[in-house]
Each structure stands twice: as C-alpha cells, then as structure tokens.
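Here the structure is laid out as structure tokens; the discussion comes afterwards.
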Protein chains: 2
Amino acid sequence: MKRHQTTILDIAKELNISKSTVSRALTNHPNINPETKKKVLELAEKMDYQRNMLAISLITNKSYTIGVIVPEFISSYFPKVIVSAQIEASKAGYNIIISQSNESYETEVKNAKVMLANQVDGVLVSITKETRNYDHLKIFQRKGIPIVFFNRICEEMIVPKVIVDDYEGAFKLVEHLLQTGKKRIAHLAGPDSLSISKGRLNGYLDALKKHHIEIDEELIIPYDLSLRKVKIYVKHLLGLENPPDAIFAVNDPTAIEVVQTIKKIGLRIPEDIAIAGYSDDYASSLMEPKLTTVAQPVDEIGKIATQMLIDQINREVADWKATTKMLKTKLIIRSSTVKETTSNPE
Amino acid sequence: MKRHQTTILDIAKELNISKSTVSRALTNHPNINPETKKKVLELAEKMDYQRNMLAISLITNKSYTIGVIVPEFISSYFPKVIVSAQIEASKAGYNIIISQSNESYETEVKNAKVMLANQVDGVLVSITKETRNYDHLKIFQRKGIPIVFFNRICEEMIVPKVIVDDYEGAFKLVEHLLQTGKKRIAHLAGPDSLSISKGRLNGYLDALKKHHIEIDEELIIPYDLSLRKVKIYVKHLLGLENPPDAIFAVNDPTAIEVVQTIKKIGLRIPEDIAIAGYSDDYASSLMEPKLTTVAQPVDEIGKIATQMLIDQINREVADWKATTKMLKTKLIIRSSTVKETTSNPE
DNA sequence: CTGTTAGCGCGTTCAG
DNA sequence: CTGAACGCGCTAACAG
C-alpha cells in the first residue's frame with residue numbers, strides 16, 4: 001500500500017546540498033562539479049533512487065510513452081509487429097503501452113481513453129473489425145497527439161499510414177491459382193469496413209478479369225472473420241451445383257480452418273481443391289499441406305510505423321505529414337496449391 | 001510538439017466556478033450540487049476533457065498500472081497469458097504496460113527500471129533464460145511494490161508465484177511414451193536456471209525410474225532454447241550407437257523443430273521415433289504429425305497471477321503473502337506419439 | 001558552479 | 001454545498 005520512494009529531496013538532505021544540484025547531477029547537466037556529481041550518483045545508486053517519470057512527464061508535457069492499440073493478439077501477426085515497434089521505440093527512448101481490443105469496438109474506445117489519460121506522446125493503431133466510427137481516435141488529432149495507422153487503417157482520417165499492397169498481393173496469388181489450372185476460385189472476403197478486405201477482394205476480382213474468367217458472385221462469401229463460421233461456408237461452397245476448385249481466404253487463420261475442414265471431408269488438397277491464405281502465419285509453414293500465402297514484412301511494418309510516429313511527435317502540429325507508406329508483399333507458394341513444393345535451400 | 005490539453009482550470013473558467021468544484025463533479029464526490037455536476041460533465045465531454053492520470057498518480061501515489069515483463073513474444077504462450085491478464089486487470093481498473101526482453105538479461109534489467117520509473121503499482125514477471133541475478137527485481141520488493149512471478153519464476157525470492165506442475169506434466173508424458181512401447185527416450189532439457197526445466201527434467205527422470213528404465217546420460221541434452229541448435233542435437237542423437245526411439249523436447253517450439261528435422265531426414269513419426277513437446281503451442285495441433293504435448297491452462301495463469309498481484313497491491317507490505325499457486329496440466333496425445341489419434345468429438 | 005523560486009494538473013485538506 | 005490554499009516530485013528560470 002505505502003511505497004518507499006527515494007526522492008531527490010532525500011538525497012539532497014543526506015548530502016546537505018540543494019535539490020537543484022542533485023537534479024543537475026542526475027540529468028548530466030553541463031554546469032556541475034564532477035565531484036558533487038559523483039557523490040550524488042553513488043548515493044542515488046545506493047538508495048535505489050529511480051527518477052519519477054510521472055513528475056517529469058507532468059512538467060515537460062512529454063511522457064516518452066507510445067500507445068499501441070491492436071485488435072487482437074492471437075495470430076502471430078500483431079505480436080511480431082509489436083516486437084519490432086518496441087525495439088525501434090526503445091532506440092529513441094520511448095516505452096510502449098499495449099492494449100488489445102479483442103476485436104471489440106467498445107474495448108477499443110476504452111483503450112483509447114486510457115492512452116489519452118496516460119498522456120501518451122503518440123499512438124500506433126490498427127482498428128477492430130467492428131470499428132466504423134472514429135471519434136475516439138479523432139480526439140488524438142484534436143489534442144495534437146500524433147497517430148499512425150498500420151495494417152487496419154481508417155481511410156477517412158488524414159494521418160500517416162503503413163500498409164502493404166493488399167491489392168497486388170491478392171492479384172499475384174489469384175494469378176498463381178489460375179496458372180495451376182484452377183478455374184473456379186472462391187473467396188472468403190473480409191468485412192468491407194476494413195481496407196485490407198477491400199484491397200484483397202479487388203486484387204482477386206481484377207486477376208480474374210485479366211484472365212477473362214467470369215466473376216461468379218456465388219463464389220464470393222462475405223465473412224466477418226469469426227473462425228467458427230468457416231466450416232459452414234466451406235460446406236456451403238462445396239454443396240454448390242458448380243463447386244469451386246480453389247478457395248482464397250482473406251487471412252491465414254481462416255485458410256487454416258478451411259484446410260482442416262476440407263481434410264475432414266476427405267477431399268485432396270490441392271488436386272481437388274487448392275487453398276490459399278494471406279499473411280504467412282506462424283503455423284502456415286508447419287501444417288500439412290503447407291499453406292500458400294502472401295507474406296507481409298512484419299518487422300518493417302512495426303519499424304517504419306514507429307519511425308513515422310516518432311517523426312510526427314518531434315514535429316509541430318502544423319508540420320504534420322500524412323504520407324502513406326505502402327510496402328510490398330511476397331507470394332509464398334507451398335503445397336496447398338502446388339502438389340510438390342520445390343524444396344527451398346535452407 | 002505542443003499538446004492541447006483541456007484542464008480542470010479551463011472548465012472552471014468557462015463555468016465561472018472554482019477548480020475544486022469541478023474536480024468534485026468529475027470524481028463523483030458526495031457533496032456536490034447535482035445541477036452543477038451535470039453542467040460540468042457536459043462541458044467536459046464537449047471539451048474532450050480527459051483526466052491527467054499522471055497528475056493524479058503523482059498525488060495519490062497510485063498509478064493503476066501493472067507492469068508485465070516477459071521473456072519473449074513469439075510463441076503463442078505469453079501473448080495468451082497477457083490477454084487474460086489484461087482482461088482481469090481491466091476489471092479492477094488497472095492498465096497494463098508490457099515489455100518483452102527478447103530473452104536478454106540486459107533488456108530485462110532495463111525494462112524493470114522503466115517499470116519502476118513509471119511508478120507501476122505492481123509487476124507480473126517471467127524471467128529470461130539468461131537471468132541468474134535478481135537484483136533488478138528485488139528493488140521492487142524493497143520499494144514495497146508487489147511482484148508476482150508466473151511460469152519462469154525466481155526461486156530465491158519469497159513472493160507469490162503461479163506455476164504449473166511441470167514435474168507431473170513431464171512424468172505423465174514420459175509414462176505415455178513408455179506405454180506406447182518406447183524404451184530409449186531422449187530429452188532436450190532446458191537451462192537449469194529455469195525452474196520449469198528442472199521440473200520437467202525431474203518428471204522425466206522419475207518416470208523412467210518408476211518403470212525401471214536405466215537412465216542414459218547420453219540421451220539428456222543440455223539445451224539453451226536456441227532453436228537453431230536443435231537440428232544439430234537431433235542429428236547427434238540419431239548418430240548415437242544406440243539411438244533414441246523417442247524425443248521429449250522441453251517446449252513445443254523445440255519439438256516442432258525436431259519434427260521438421262526428423263521429417264527431412266526421412267524417419268517415420270511415431271513408428272521410428274516419437275516426438276513430444278510441452279505447452280500446446282498454437283501450431284502443435286495443425287502440423288503433421290500433430291504434436292503430443294502437455295497443455296497449460298494459460299487463461300487461468302494470467303487471471304490468477306493478476307488477481308494475486310492486485311490482492312498484494314491492496315495489502316500493507318507487512319501483510320504480503322507469498323503463496324505459490326500450482327496449476328494442473330493436461331496431457332494431450334496426438335499423432336506424433338500414437339499412430340492414429342482417436343478422433344476427439346468437436 | 002550552486003541555491004531559490006515557481007509551477008506542471010490535480011486531489012485534498014481546511015474554512016466558510 | 002463551495003472556495004482557497006497546499007503539495008505530490010520534479011525541472012526550469014532566475015539570481016547569485
């Protein structure tokens with residue numbers, strides 16, 4: 001309940017000098033007697049002195065804390081991005097407060113308020129699948145706290161964003177499916193509140209168009225990312241009069257679920273039906289068959305987003321840039337779409 | 001650079017009342033005119049007012065923030081525990097600051113200092129594989145900031161701990177291997193600075209003893225959790241004059257690596273060699289063969305650890321308890337040890 | 001080089 | 001029910 005905090009005052013008393021002198025010693029100020037400084041530092045060490053960042057933040061109006069708001073924590077995607085963000089933030093002397101919203105809009109709003117109350121210097125945000133109103137995020141802008149979106153961005157807010165070329169990734173993936181001889185490619189499309197869903201869907205559509213394949217609306221399933229429903233959709237697709245010979249799922253966890261379902265039904269992958277996902281989840285290369293997918297440069301996403309954010313933090317509000325950085329994806333072909341993977345050298 | 005913060009003073013000025021009144025309205029104080037309160041709240045909402053937790057924490061000497069220090073973020077284990085901890089903390093009005101140490105002792109020390117400087121009310125800690133000195137953690141105790149260990153605990157510190165029965169889990173697992181007819185079971189043992197390694201190793205040893213299998217030191221490989229080295233160890237084991245017919249790896253990521261290596265070599269799993277891991281990682285049920293492993297109640301670990309921590313926070317230092325809560329594990333038998341998994345109802 | 005003073009935003013006395 | 005005054009731990013601006 002009651003904490004023992006060593007304060008500057010304690011040190012000053014002990015050494016019988018003024019508080020400011022102690023403060024200067026602790027903050028490598030230029031004007032300070034090296035001997036005094038040494039004495040102070042030694043005593044501070046001995047007394048377990050630790051600067052109270054709260055007080056400093058209160059004065060300087062800077063907390064050296066970055067907030068990270070992500071929709072979930074279960075797939076390997078966000079943890080990876082966060083690790084990279086933390087490393088980058090740490091280099092610049094920033095800490096990170098993380099909160100995950102469990103794909104709930106309400107929780108996201110709450111988390112945003114907490115970040116605000118904790119005086120973060122900036123926020124890195126990826127929205128939930130439910131988020132359609134952005135008032136809670138616009139507050140940051142109004143208060144002059146920079147915000148950078150990554151992956152799941154808010155299109156209507158004019159702020160920096162880090163995304164990958166979802167359109168191109170999906171396009172290449174679908175072209176690959178066509179090249180393996182597939183004709184009827186189904187798509188489990190994500191909610192259209194997410195720009196990633198739209199990008200991937202459009203890549204899918206345009207790839208079909210380019211190859212003069214007629215688009216069959218029946219094969220495009222609107223899907224809200226609830227893994228539980230995957231099984232139903234797969235069965236529905238297979239029950240069609242003219243069933244698909246490939247399924248492109250909007251993300252890897254979904255594709256994995258599709259594979260499990262198909263295997264249970266007893267169809268051969270990829271001969272009877274090919275499966276592909278998006279984002280190269282940790283499990284994708286381990287399962288059987290291995291999942292063909294589109295890899296995102298996760299490390300780079302975390303790093304660049306953090307750099308952009310810190311850049312904004314160091315800028316006057318009037319100087320804020322709203323550049324969108326779009327990174328390239330990489331198609332990873334594995335055995336869920338091609339019978340024999342050419343063994344990659346390791 | 002410059003933030004626009006709405007303060008109590010701003011609201012007071014606007015409404016032409018005193019700061020204390022505004023403060024009272026904002027903190028549901030008993031003595032306040034309902035009308036004044038309503039006016040204040042409305043204006044606060046309109047002005048995007050958000051309490052400055054830094055100032056409040058400074059005064060009350062409470063930050064309502066819990067620090068979480070974990071060694072890594074890549075396996076699904078820690079993210080899962082953290083999600084559960086965050087949910088539990090949130091119920092009690094606490095926020096979470098997370099830092100991962102990348103299995104580096106140095107980073108862990110730095111992270112601990114950051115937590116301290118940020119005036120966390122308590123910390124949840126799981127140490128790195130390198131940590132052998134605990135001074136950076138003992139500071140918390142000296143300062144009266146409660147600390148609760150989970151999973152990777154520090155044995156010499158007398159504080160609450162949440163662990164699973166690693167001994168029993170390993171014992172059951174090894175017994176299972178013996179029951180499938182395996183006689184020479186190798187073990188990739190973790191660093192003995194980690195109590196989990198010791199528990200699992202002892203479970204392994206005692207299971208063998210119970211079944212009168214002679215212990216062969218050659219089959220026990222000291223291993224520092226660096227996945228890169230797994231391949232070498234596996235090849236070494238297989239090259240023995242009398243090679244093992246089963247490998248029990250100290251954790252799932254390692255076991256997965258073992259499986260990959262064995263598959264590449266061309267041996268049959270489990271006929272030629274059975275593989276088992278520990279912790280039921282996300283990928284374990286998806287890979288081929290599916291991995292036999294020991295599941296930990298991750299949700300419960302995060303929840304109980306957080307509850308214990310908050311309980312300590314609400315106690316006087318003199319009243320601190322140092323109970324160790326040991327949770328049960330569950331053996332999960334899959335196709336990496338038994339040819340045909342009895343299909344579980346789903 | 002060092003000491004003194006003010007004040008960051010807010011809750012909490014104490015008077016009215 | 002409300003207002004004024006104080007101080008949390010610390011830095012910054014000013015004097016010496």
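So you know, we letter chains A, B, ... as the sequences are listed, proteins then strands, and number each from 1. As the structure is a prediction and not an experimental result, all values here were calculated from the model.
- When the P atom of dG11(C) is taken as reference, atom CD1 of Ile32(B) falls 12 Å away, rounded to whole Å.
- Taking 4.0 Å as the cut-off between side-chain N and carboxylate O, Glu88(A) and Lys91(A) count as a salt-bridged pair.
- When the P atom of dT2(D) is taken as reference, atom CG of Asn16(B) falls 13 Å away, rounded to whole Å.
- Nearest heavy-atom pair, Glu156(B) versus Lys138(B), reported as atom, atom and distance to 0.1 Å: OE2-NZ, 2.9 Å.
- Ring orientation note: the planes of Phe73(B) and Phe73(A) are nearly perpendicular, at an angle over 60° on the 30°/60° scale.
- The backbone N or O of Leu43(B) sits nowhere less than 3.5 Å from a side-chain atom of Glu14(B) that would complete a donor-acceptor pair.
- Taking atom CG of Leu54(B) as the reference point, atom C1' of dG11(C) lies 15 Å away to the nearest angstrom.
- Across Asn151(A) and Phe78(A), no two heavy atoms sit closer than the pair OD1-CZ, 4.2 Å.
- Direction change of the helix axis from one end of the helix from dC1(C)-dG16(D) to dG16(C)-dC1(D) to the other is 40°, with five pairs defining each end axis (rounded to 10°).
- Within the 4.0 angstrom heavy-atom criterion, only backbone atoms of the sugar-phosphate kind lie near Asn33(A); the bases stay farther away.
- No engagement by Ser57(A) is indicated, since no non-hydrogen atom pair under 4.0 Å with the nucleic acid exists.
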Pairs under 3.5 Å (N/O, protein and nucleotides 9-13 of chain D):
residue	atom	partner	partner atom	Å
dC10(D)	OP1	Tyr49(A)	OH	2.6
dC10(D)	OP1	Asn52(A)	N	3.4
dC10(D)	OP2	Ile8(A)	N	2.7
dT11(D)	OP1	Arg51(A)	NH2	3.4
dT11(D)	OP2	Ser23(A)	OG	2.8

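- Proximity of a side-chain donor or acceptor of Ser63(A) to a complementary backbone N or O of Gln119(A) within less than 3.5 Å is detected.
- OP1 or OP2 of dG3(C) lies within a sub-4.0 Å distance of a side-chain N or O belonging to Thr21(A).
- Using a cut-off of 4.0 Å between Lys/Arg side-chain N and Asp/Glu carboxylate O, Arg315(B) and Asp311(B) are scored as salt-bridged.
- Checked for salt-bridge contact, Arg152(B) and Glu103(B) meet the test: a charged N lies under 4.0 Å from a carboxylate O.
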